Chemist: 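Pasting a structure below so you can have a look.
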Amino acid sequence: MTNTDTDIIIAGGGMVGAALACALAEQGFSITLLERREPDLSWPQDGHDIRVSAISRASQNIFHNLGAWPRMTRRRVTPYEHMRVWESSSGTALPWAPEIQFHAADIGEPDLGHIIENRVIQGALWEQMQTLKNIEIRCPASISSLSLDEEAPSVILNDGARMRAALIVAADGARSSLRELAGISTGGWGYDQTAVVCTVQAEAGNQSTCWQRFMPSGPLALLPMEQDLFSIVWSTAPKQAEALLQMPPEAFDSALTQACEARPGRLRLLGERGAFPLRLQHAKQYIKPGLALVGDAAHVIHPLAGQGVNLGLMDMAELADILVLARNKGRPLGALHTLRRYERARKGENIAMQGAMDLFKRLFSNDIGPLRLARDLGMGLAEHAPLLKNLLIRNAMGILGEAPSLARTKPPAAKG
């Protein structure tokens, strides 16, 4: 059995784990990243990943400050300038269809965010990792045993190798095996909804707009990609989701066009369809001696506001700041008094966002008359309250309040 020492072991090379590896390596830490399978960094240019992320301004800053943003823009990113959220006029007590619109120009910004394929994000981060000499990537690799300690936590890999570090980070997703090995339980519930995802072409183009319609069965989101394409996230009852997956393409096109009330014209399916069940999940603890959870290993959220990966990136940026501070003060990276600062900074904010999204989901999935009237009036009032709208959109962009250093816009370098 071989022993290897490193500063930080990161389990999971997805978007959050790879970003954390880059952030910590840039700060001089030695990193070992463990991943079960290496991502495919080559794909046909005319194909599209059916899984995408709505990247906030704070997350864009993180990618830019890590040096990965130009790698993403060279592939494919789509900024959006507008957002339109509405309910059908059918069944409302109001004489109009409730709707709220957001515009980047109203807050003096060039855009509200970017829609990026998940494989583009992960590919750019993996390329960036490979430029940093103090990152060792072990792939394929998985952890079979975990021993936690404030000073020198360790793991045994599936090949029998033992590794010790000052800190171990679980970034291995919602079904985190590392979280289970640490004995950290989770709470939450399923939504009895399935998200159907695909790419479609729009007759009237995407108009640089995110569209979202709330229906009793769940929200339908159209996320712009390139000039006339959308990535679709249609959250609905499992039986309807299965029916949507099995429909012939022409029937699916008609159902989808009808569901979005043909706002961007007729829609046409391109390529495959996929589906995944939706749930809320939250780890009871984010930390143990020598261990920290980030991203989906710590929390899973309903996708209706597209905040999942943004929350995970804020986790990793906050953890990076705290670890740099601990090192500079000579404190153990895995000590509970070090890691509690991370848990305090992120756990409350993540729970608050989960609660807000859960409330929205339940509020808009309920068609009781008085409740519908109340939310329709609320949307109408918000549409005509510019200060409230600006506050909502700035919060969604991650540009309100104190942000971790990586999430801030850095001033341009002075010309010498």
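For the numbers below, each heavy atom of this structure counts, side chains included, while hydrogens, waters and symmetry mates do not. None of the values given here were measured: they were computed from a predicted structure.
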Chemist: I'd like to know if the side chain of W126 and the backbone of G13 have a donor-acceptor N/O pair within less than 3.5 Å.
Modeler: yes
Chemist: Just how far is it from atom CG of L220 to atom CZ of R263, taken to the nearest 0.5 Å?
Modeler: 11.5 Å
Chemist: Any chance you could measure T78, atom OG1, to I115, atom CD1, to the nearest 0.5 Å?
Modeler: 7.5 Å
Chemist: So P219 and Q212, do their side chains get closer than 4.5 Å, heavy atoms only?
Modeler: yes
Chemist: Does a salt bridge link E127 with R74, judged by any charged N lying under 4.0 Å from a carboxylate O?
Modeler: no
Chemist: How close do L222 and C260 get, counting heavy atoms only, and between which atoms?
Modeler: CD1-CB, 4.1 Å
Chemist: Side chain to side chain contact (heavy atoms under 4.5 Å, CB included) for E87 and R213? Distances and angles first, verdict last.
Modeler: CA-CA 6 Å; E87 279 197 280; R213 180 191 172 191; 5.9 Å; no
Chemist: Is the side chain of T186 donor-acceptor paired with the backbone N or O of H282 at a distance under 3.5 Å, no angle test?
Modeler: no
Chemist: If you measure only the distance, is there a donor-acceptor pair under 3.5 Å linking the side chains of R57 and T409?
Modeler: no
Chemist: More than 12 heavy atoms of other residues, nucleotides or ligands under 6.0 Å from CZ of R175: yes or no?
Modeler: no
Chemist: Side chains of S30 and N134 only: does a donor on one sit below 3.5 Å from an acceptor on the other?
Modeler: no
Chemist: Just how far is it from atom CD of E272 to atom NE2 of H48, taken to the nearest 0.5 Å?
Modeler: 12.5 Å
Chemist: How long is the straight-line distance from CG of L256 back to CZ of R268, given to the nearest 0.5 Å?
Modeler: 13.0 Å
Chemist: Kindly indicate whether the side chain of L245, heavy atoms from C-beta on, has any atom under 4.5 Å from the side chain of E242.
Modeler: yes
Chemist: Can D7 and L167 be said to form a side chain to side chain contact (heavy atoms under 4.5 Å, CB included), step by step?
Modeler: CA-CA 7 Å; D7 289 335; L167 176 68; over 6 Å; no
Chemist: Heavy-atom distance under 4.5 Å between the side chains of L20 and L319, does that happen here?
Modeler: yes
Chemist: Closer than 3.5 angstrom, by distance alone: can the side chain of R279 be matched with the main-chain N or O of Y191 as a donor-acceptor pair?
Modeler: no
Chemist: Provide the closest heavy-atom pair for Q240 versus S217 in the form atom of the first, atom of the second, distance.
Modeler: OE1-OG, 3.9 Å
Chemist: May I have the step-by-step check of side chain to side chain donor-acceptor pair (under 3.5 Å) for N158 and S144, ending in yes or no?
Modeler: CA-CA 5 Å; N158 56 326; S144 60; over 6 Å; no
Chemist: Which atoms form the tightest heavy-atom contact between V120 and R76, and what is the distance?
Modeler: CG1-O, 3.9 Å
Chemist: Do L181 and S145 come close enough that some side-chain heavy atom pair is under 4.5 Å?
Modeler: no
Chemist: Is the side chain of T209 donor-acceptor paired with the backbone N or O of H82 at a distance under 3.5 Å, no angle test?
Modeler: no
Chemist: Using the side chain to side chain contact (heavy atoms under 4.5 Å, CB included) rule, take E343 and E318 through it: C-alpha gap first, then chi angles, then the decisive distance, then the call.
Modeler: CA-CA 10 Å; E343 187 175 56; E318 188 71 49; over 6 Å; no
Chemist: Sort out for me which residue in I232, V233, V52, L223 forms a side chain to side chain contact (heavy atoms under 4.5 Å, CB included) with V197.
Modeler: V233
Chemist: Quick one: does any side-chain atom of D321 pair with a main-chain N or O of P404 as donor and acceptor, under 3.5 Å?
Modeler: no
Chemist: Quick one: does N65's side chain have a donor or acceptor within less than 3.5 Å of a partner on A407's backbone?
Modeler: no
Chemist: State the CD-CE distance between Q122 and M15, to the nearest 0.5 angstrom.
Modeler: 7.5 Å
Chemist: Carefully, step by step, assess L293 and I287 under the rule side chain to side chain contact (heavy atoms under 4.5 Å, CB included).
Modeler: CA-CA 6 Å; L293 311 184; I287 62 169; over 6 Å; no
Chemist: Please list, chain by chain and in numerical order, all residues satisfying ring pair (Phe, Tyr, Trp, His ring centres under 6.0 Å) with F63, sequence neighbours excluded.
Modeler: none
Chemist: Identify the two heavy atoms, one from A255 and one from L244, that lie closest to each other, and give their separation to 0.1 Å.
Modeler: CB-CD2, 4.3 Å
Chemist: Kindly confirm or rule out a cation-pi arrangement of R273 over F252, judged by NZ or CZ under 6.0 Å from the six-membered ring centre and within 45° of its axis?
Modeler: yes
Chemist: Please step through side chain to side chain donor-acceptor pair (under 3.5 Å) for the pair W86 and E261, ending with a clear verdict.
Modeler: CA-CA 11 Å; W86 83 102; E261 299 181 333; 2.8 Å; yes
Chemist: Determine whether Q207 and E81 make a side-chain contact, defined as any pair of heavy atoms from C-beta on separated by less than 4.5 Å.
Modeler: no
Chemist: Between E150 and R331, does any side-chain N to carboxylate O distance fall below 4.0 Å?
Modeler: no
Chemist: Does any N or O in the side chain of S59 come within less than 3.5 Å of the main-chain N or O of I55, such that one atom is a donor and the other an acceptor?
Modeler: no
Chemist: Does R51 reach the main-chain N or O of C198 with its side chain, forming a donor-acceptor pair under 3.5 Å?
Modeler: no
Chemist: Could you check if a side-chain atom of I121 sits within less than 4.5 angstrom of a side-chain atom of S53, using non-hydrogen atoms only?
Modeler: yes
Chemist: Quick one: does N310's side chain have a donor or acceptor within less than 3.5 Å of a partner on S56's backbone?
Modeler: yes
Chemist: Taking atom OG of S177 and atom CD1 of I143, what is their separation to the nearest 0.5 Å?
Modeler: 6.5 Å
Chemist: Taking the inter-plane angle between the rings of H299 and Y286 on a 0 to 90° scale, is it parallel (under 30°), tilted (30 to 60°) or perpendicular (over 60°)?
Modeler: tilted
Chemist: Is any NZ, NE, NH1 or NH2 atom of the basic residue among K347 and E349 found under 4.0 Å from an Asp or Glu carboxylate oxygen of the other?
Modeler: no
Chemist: Minimum heavy-atom separation for A19 to L313, with atom names?
Modeler: CB-CD2, 3.9 Å
Chemist: For atom CD of Q227, is the number of surrounding heavy atoms from other residues, nucleotides or ligands below 6.0 Å larger than 12?
Modeler: no
Chemist: Do Y342 and D315 make a side-chain contact, defined as non-hydrogen atoms from C-beta onward lying under 4.5 Å apart?
Modeler: yes
Chemist: Grab the two heavy atoms, one from L339 and one from G334, that are nearest each other, plus how far apart they are.
Modeler: CD1-O, 3.7 Å
Chemist: Do D253 side-chain atoms and L269 backbone N/O form a donor-acceptor pair below 3.5 Å?
Modeler: yes
Chemist: Quick one, F29 and V324 - any side-chain contact, counting heavy atoms below 4.5 Å?
Modeler: yes
Chemist: Return yes if a side-chain donor-acceptor contact under 3.5 Å exists between Q128 and R71, otherwise no.
Modeler: yes
